[in-house]
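Scroll down for the structure; my scribbles are underneath it.
Remember, it's 1-based here, ligands and their atoms both numbered in the order they're listed.
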Amino acid sequence: MIKENIEQVREKIAAACRRAGRDPKEVTLIAVSKTKPVSDIYEAMETGIVDFGENKVQELTEKYETIAQPLNWHMIGHLQRNKVKYIVDKVKLIHSVDSLRLAEQISKEAVKKNVEVDILIEVNVAEEESKFGMDTEETAQLIQDISTLPGIHIRGLMTVAPYTDDPEDNRVYFKNLKQLAVDIERKNIDNVTMSVLSMGMTGDYEVAIEEGATLVRVGTGIFGSRNYHKGD
Ligand SMILES: *Cc1c(COP(=O)(O)O)cnc(C)c1O
């Protein structure tokens, strides 16, 4: 089932790219494997997927250690500062940076481990109370402040759009994130690029691609619905 799902998602990505006049090579599919066993990851790997997303530090490091092949691990969930040290040398990209204090911690651990860490700034474009992420207005200042830290590089922006039955509802948020990236790019801040836009999940990745997503994070659309244990 996983292979068929990935095939379908890839077709939809290609179709969305055609509609938007974009090259499908600009869009990377991240398979969000949170709560799923490594056997599911192996199955996805057989179709050529090398980018996987996790939202919990412990689960990410366990899977990282279990799977021998080099993969691109994406930290997409809220990150606590005391857990940064476990992942800085393991992840391809941290999508969920939303404060200077967290960025300072990543920088500190990166310097200590002598690695360079790529990050995205998480923006709460829909300004939902329940969500993590920076307010749009504060994002540019945060980026200025982070840009001077050693060992850390801002590559773009990420957002989690509201849950909705109609993906068209989220088009405006994706447009706004893209516009924010364009505005920040124009500031030409040293050590900052806006080449990555991480937006779009199972329910809305096609719309996100039409609006400029370069990374889409698809979980249930690939692995099926998640079984959360009590206490998660
Ligand atoms: C779980 C998760 C996803 C994947 O969600 P689906 O709706 O299952 O595709 C994407 N992004 C983040 C930040 C997530 O936590």
Open item on the list: If you measure every N or O of Thr220 against every N or O of ligand 1, does any of those distances drop under 3.5 Å?
Closed with: yes
Open item on the list: Hydrophobic clustering (ILVMFWY, side-chain heavy atoms < 4.5 Å, transitive) - are Val91 and Val32 grouped together?
Closed with: no
- [ ] Could you give me the CA-CA distance, side-chain angles and deciding distance for His78 and Phe132, then say whether side chain to side chain contact (heavy atoms under 4.5 Å, CB included) is met?
- [x] CA-CA 7 Å; His78 184 63; Phe132 295 108; 3.4 Å; yes
- [ ] Have a look at Val9, Thr202, Val216 and point out the one with the heavy atom closest to atom 7 (O) of ligand 1.
- [x] Thr202
Task: Those atoms of ligand 1 less than 4.0 Å from some heavy atom in Gly219 - done: 4 (C), 6 (P), 8 (O), 9 (O)
Open item on the list: Out of all atoms in ligand 1, which are within 4.0 Å of some heavy atom of Arg217? Include the element for each.
Closed with: 4 (C), 9 (O), 10 (C), 11 (N), 12 (C), 13 (C)
- [ ] Identify which one of Ile6, Val38, Ile2 satisfies the side chain to side chain contact (heavy atoms under 4.5 Å, CB included) criterion when paired with Glu43.
- [x] Ile2
Task: Ile154 side chain reached by Leu120 side chain, heavy atoms, under 4.5 Å - done: no
TODO: May I ask you to identify, for Arg226, whether its side chain, its backbone, both or neither come under 4.0 Å of ligand 1 on a heavy-atom basis?
DONE: side chain
- [ ] Give the atoms of ligand 1, by number and element, whose distance to some non-hydrogen atom of Val218 is under 4.0 Å.
- [x] 9 (O)
- [ ] Decide whether a cation-pi geometry holds between Lys90 and Tyr64; the criteria are a distance under 6.0 Å from NZ or CZ to the six-membered ring centre and an angle within 45° of the ring axis.
- [x] yes
